[in-house]
J.: 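Take a look at this one; I'll ask things after.
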Amino acid sequence: LFRSDHSLVEQKRYEQQVVSDFETALRERQFQIYLQPQISSQEGLQGAEVLVRWVHPEKGLIPPMDFIGILEKTGLISRLDANVWEQSAELLQRWEGTEKEKLYLSINLSAKDFYYLDVYETVTALVEKYGIDPGKLRLEITESVLMSDVDKLLAITRKLHQYGFFIEIDDFGKGYSSLSMLKDIDADVLKIDMEFLHETEHEEKSRIILGSIIDMSKKLGMSVITEGVETKVQMEHLQALGCDMFQGYYFAKPMPVSDFESKYF
């Protein structure tokens, strides 16, 4: 598939192939949701982040890096996102009345979604169509998305929060206006990536910053999830700082729904 050493002509041909295959892939549900568990050290499995994989009938599993960027560039990403959101709502409906009904699913909202879709109308319509609790369909928004059109997006997130959705801020700390944004947004969860801590050789300073973020979040009535956790040592350090929600390869890689259900139920 797409590689950096391909010629420009081959890259262009590959991009055109992705775009031309997109409609069929969407119709045949070749885009499948994968789940990566979110674990509480106190209470175990709480929910999962929803990711997408393209399971092609001839090429097999196509990783996101081989098609997401192309769909973003061509404006098709929002149609894929809306499809992923619907699959997530369907799954939550299927879990109703079973031992899985306590779980939430966290879906990603991108900047393109706010440009091409009426996000509020789309996600509230899904909740009503499938008769699910909006609190179980969590909305994950990167800090950079929020900074792209602050007033408009703060207004939309406020309405979504009032409707009953949980708002999660992803990649917290990687943008430029984190603290000023926090006082204005109705958010419930901050997600911090372990990479944020790896990008410095000043480990002690990193721990102080992370400890401060966790403490501040609790005072603001928000919880913290650290993602990208790969080792027991990392988890124990985070627990010592007051974080007790985790996501990462130490617990599990993203997996098909059937594998997720087999592993945890």
J.: Check which hydrophobic residues are tied to M245 through side-chain heavy-atom contacts below 4.5 Å, counting indirect links as well, and list them.
T.: Y104, V189, I225
J.: Can F166 be reached from V224 by stepping across I, L, V, M, F, W or Y side chains whose heavy atoms are under 4.5 Å apart?
T.: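 No, V224 and F166 fall in different hydrophobic clusters.
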J.: Could you give the distance from OG (S258) to CD (Q32), rounded to the nearest 0.5 Å?
T.: 8.5 Å
J.: Measuring only between side-chain heavy atoms, which start at C-beta, is I70 closer than 4.5 Å to Y14?
T.: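 Contact flag for I70/Y14 side chains = yes.
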J.: Between Y250 and F246, is the gap from one ring center to the other below 6.0 Å?
T.: no
J.: Contact between L182 and L220 at the side-chain level, heavy atoms closer than 4.5 Å - yes or no?
T.: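 Touching, per the 4.5 Å side-chain cut-off.
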J.: Rounded to the nearest 0.5 Å, what separation is found between the CG atom of L91 and the CD atom of Q87?
T.: 9.0 Å
J.: Would you call K191-E49 a salt bridge at under 4.0 Å N-O?
T.: yes
J.: If the threshold is 4.0 Å, N to carboxylate O, is there a salt bridge linking K73 and E15?
T.: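 Yes, this pair counts.
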J.: Answer with yes or no after comparing the ring centroid distance for F22 and F31 against a 6.0 Å cut-off, counting only values under it.
T.: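 Centroid distance F22-F31: below 6.0 Å, so yes.
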J.: Between L103 and Y264, is the side-chain contact (heavy atoms from CB on, under 4.5 Å) condition met? List the steps.
T.: CA-CA 11 Å; L103 301 179; Y264 293 103; over 6 Å; no
J.: Please name the pair of heavy atoms, one in Q247 and one in P37, separated by the smallest distance, quoted to 0.1 Å.
T.: CG-O, 3.6 Å
J.: Would you mind checking if E43 and K102 are paired as a salt bridge, meaning a charged N to carboxylate O distance below 4.0 Å?
T.: no
J.: With heavy-atom distances below 4.5 Å as the criterion, would you say the side chains of L109 and E168 are in contact?
T.: no
J.: CD of E72 to CD1 of I68: how many Å apart, nearest 0.5 Å?
T.: 6.5 Å
J.: Compute whether any side-chain donor of one residue and acceptor of the other, for E261 and W95, lie under 3.5 angstrom apart.
T.: yes
J.: Any side-chain heavy atom of L80 sitting closer than 4.5 Å to one from F67?
T.: yes
J.: Could you pull out the closest heavy-atom pair between M255 and D259, with the gap in Å?
T.: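 Of all heavy-atom pairs spanning M255 and D259, the closest is SD-C, 3.8 Å.
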J.: At their closest point, which heavy atom of W85 faces which heavy atom of N108, and how far apart are they?
T.: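 Distance-wise, the nearest heavy atoms are NE1-O, 3.1 Å.
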J.: Between R79 and E23, does any NZ, NE, NH1 or NH2 come within less than 4.0 Å of an OD or OE carboxylate oxygen?
T.: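 The answer is yes: the pair qualifies as a salt bridge.
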J.: Ignoring hydrogens and angles, tell me if any N or O in the side chain of K218 forms a donor-acceptor pair with the backbone of G242 under 3.5 Å.
T.: yes
J.: Quick one about Q38 and Q46 (side-chain donor to acceptor, distance below 3.5 Å, no hydrogens or angles considered), yes or no?
T.: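 No.
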J.: The test is salt bridge (charged side-chain N to carboxylate O under 4.0 Å, His left out); show your working for E230 and K253 and say whether it passes.
T.: CA-CA 10 Å; E230 296 180 353; K253 295 182 179 181; over 6 Å; no
J.: Taking the six-membered ring of Y115 as reference, does the cationic atom of K112 (NZ for Lys, CZ for Arg) lie under 6.0 Å from its centre and within 45° of its axis?
T.: no
J.: Is Y116 reachable from I107 through a run of I, L, V, M, F, W or Y residues, each pair having side-chain heavy atoms under 4.5 Å apart?
T.: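 In one cluster with I107: Y116, no.
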J.: Side chains of D113 and S78: is there a donor and an acceptor less than 3.5 Å apart?
T.: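 Present: a donor and an acceptor within the cut-off.
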J.: Looking at side-chain heavy atoms only, is the closest gap between L45 and K263 below 4.5 Å?
T.: no
J.: Grab the two heavy atoms, one from Q36 and one from A252, that are nearest each other, plus how far apart they are.
T.: NE2-O, 3.0 Å
J.: Verify, without hydrogens or angle tests, whether Q17 (side chain) and R13 (backbone) share a donor-acceptor contact under 3.5 angstrom.
T.: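 Not a single qualifying donor-acceptor pair exists.
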J.: Using only heavy-atom distances, determine whether the side chains of E86 and Y130 contain a donor-acceptor pair under 3.5 Å.
T.: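 A pair is found: one side chain offers a donor N or O, the other an acceptor, under 3.5 Å apart.
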J.: Check ring-ring contact (aromatic ring centres under 6.0 Å, His included) between Y163 and all other residues, then give those that pass, not counting sequence neighbours.
T.: F165
J.: Check whether any side-chain heavy atom of I132 sits under 4.5 Å from a side-chain heavy atom of K136, and report yes or no.
T.: no
J.: How close do L241 and G211 get, counting heavy atoms only, and between which atoms?
T.: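 Nearest heavy atoms, L241 then G211: CD2-CA, 4.1 Å.
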J.: Roughly how far, to the nearest 0.5 Å, is the OG1 atom of T122 from the CG atom of L117?
T.: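 Taking CG in L117 and OG1 in T122, the distance rounds to 5.0 Å.
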J.: To the nearest 0.5 Å, what is the distance between CZ on R138 and CG on L160?
T.: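 Those atoms lie 14.5 Å apart.
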J.: Count I, L, V, M, F, W, Y as connected when their side-chain heavy atoms are under 4.5 Å apart, and connections chain through other members. Are F251 and F265 then in the same cluster?
T.: yes
J.: Verify, without hydrogens or angle tests, whether D188 (side chain) and I167 (backbone) share a donor-acceptor contact under 3.5 angstrom.
T.: yes
J.: Within a strict 4.5 Å, meaning less than it, do heavy atoms of the R53 and I33 side chains meet?
T.: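 No, their side chains stay 4.5 Å or more apart.
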J.: Check the pair I169 / I185 against side-chain contact (heavy atoms from CB on, under 4.5 Å), numbers first and verdict last.
T.: CA-CA 10 Å; I169 302 175; I185 187 170; 3.9 Å; yes
J.: Would you be so kind as to tabulate the donor-acceptor pairs closer than 3.5 Å made by side chains of residues 151-158, with sequence neighbours excluded?
T.:
from	atom 1	to	atom 2	distance (Å)
T157	OG1	L153	O	3.0
T157	OG1	L154	O	3.0

J.: Before giving the answer on side-chain contact (heavy atoms from CB on, under 4.5 Å), spell out for D133 and E101 the whole-Å C-alpha distance, their side-chain angles and the decisive distance to 0.1 Å.
T.: CA-CA 10 Å; D133 176 358; E101 69 178 358; over 6 Å; no
J.: If you define the side chain from C-beta out and look only at heavy atoms, does anything of D171 sit under 4.5 Å from E227?
T.: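 Yes. Closest side-chain heavy atoms under 4.5 Å.
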J.: Between I209 and F172, is there a shared hydrophobic cluster once you connect ILVMFWY residues whose side-chain heavy atoms come closer than 4.5 Å?
T.: yes
J.: In terms of hydrophobic clusters joined by side-chain contacts under 4.5 Å, are V84 and Y120 together?
T.: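 Hydrophobic grouping puts V84 with Y120.
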J.: Looking only at heavy atoms, which two atoms of L137 and A89 are closest? And how far apart?
T.: CD1-N, 4.5 Å
J.: Kindly indicate, with the supporting measurements, whether the criterion side-chain contact (heavy atoms from CB on, under 4.5 Å) is fulfilled by R94 and V257.
T.: CA-CA 12 Å; R94 183 153 63 80; V257 172; 3.8 Å; yes
J.: How many angstroms lie between CD1 in I77 and OG in S110, if you round to the nearest 0.5 Å?
T.: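 OG of S110 is found 6.0 Å from CD1 of I77.
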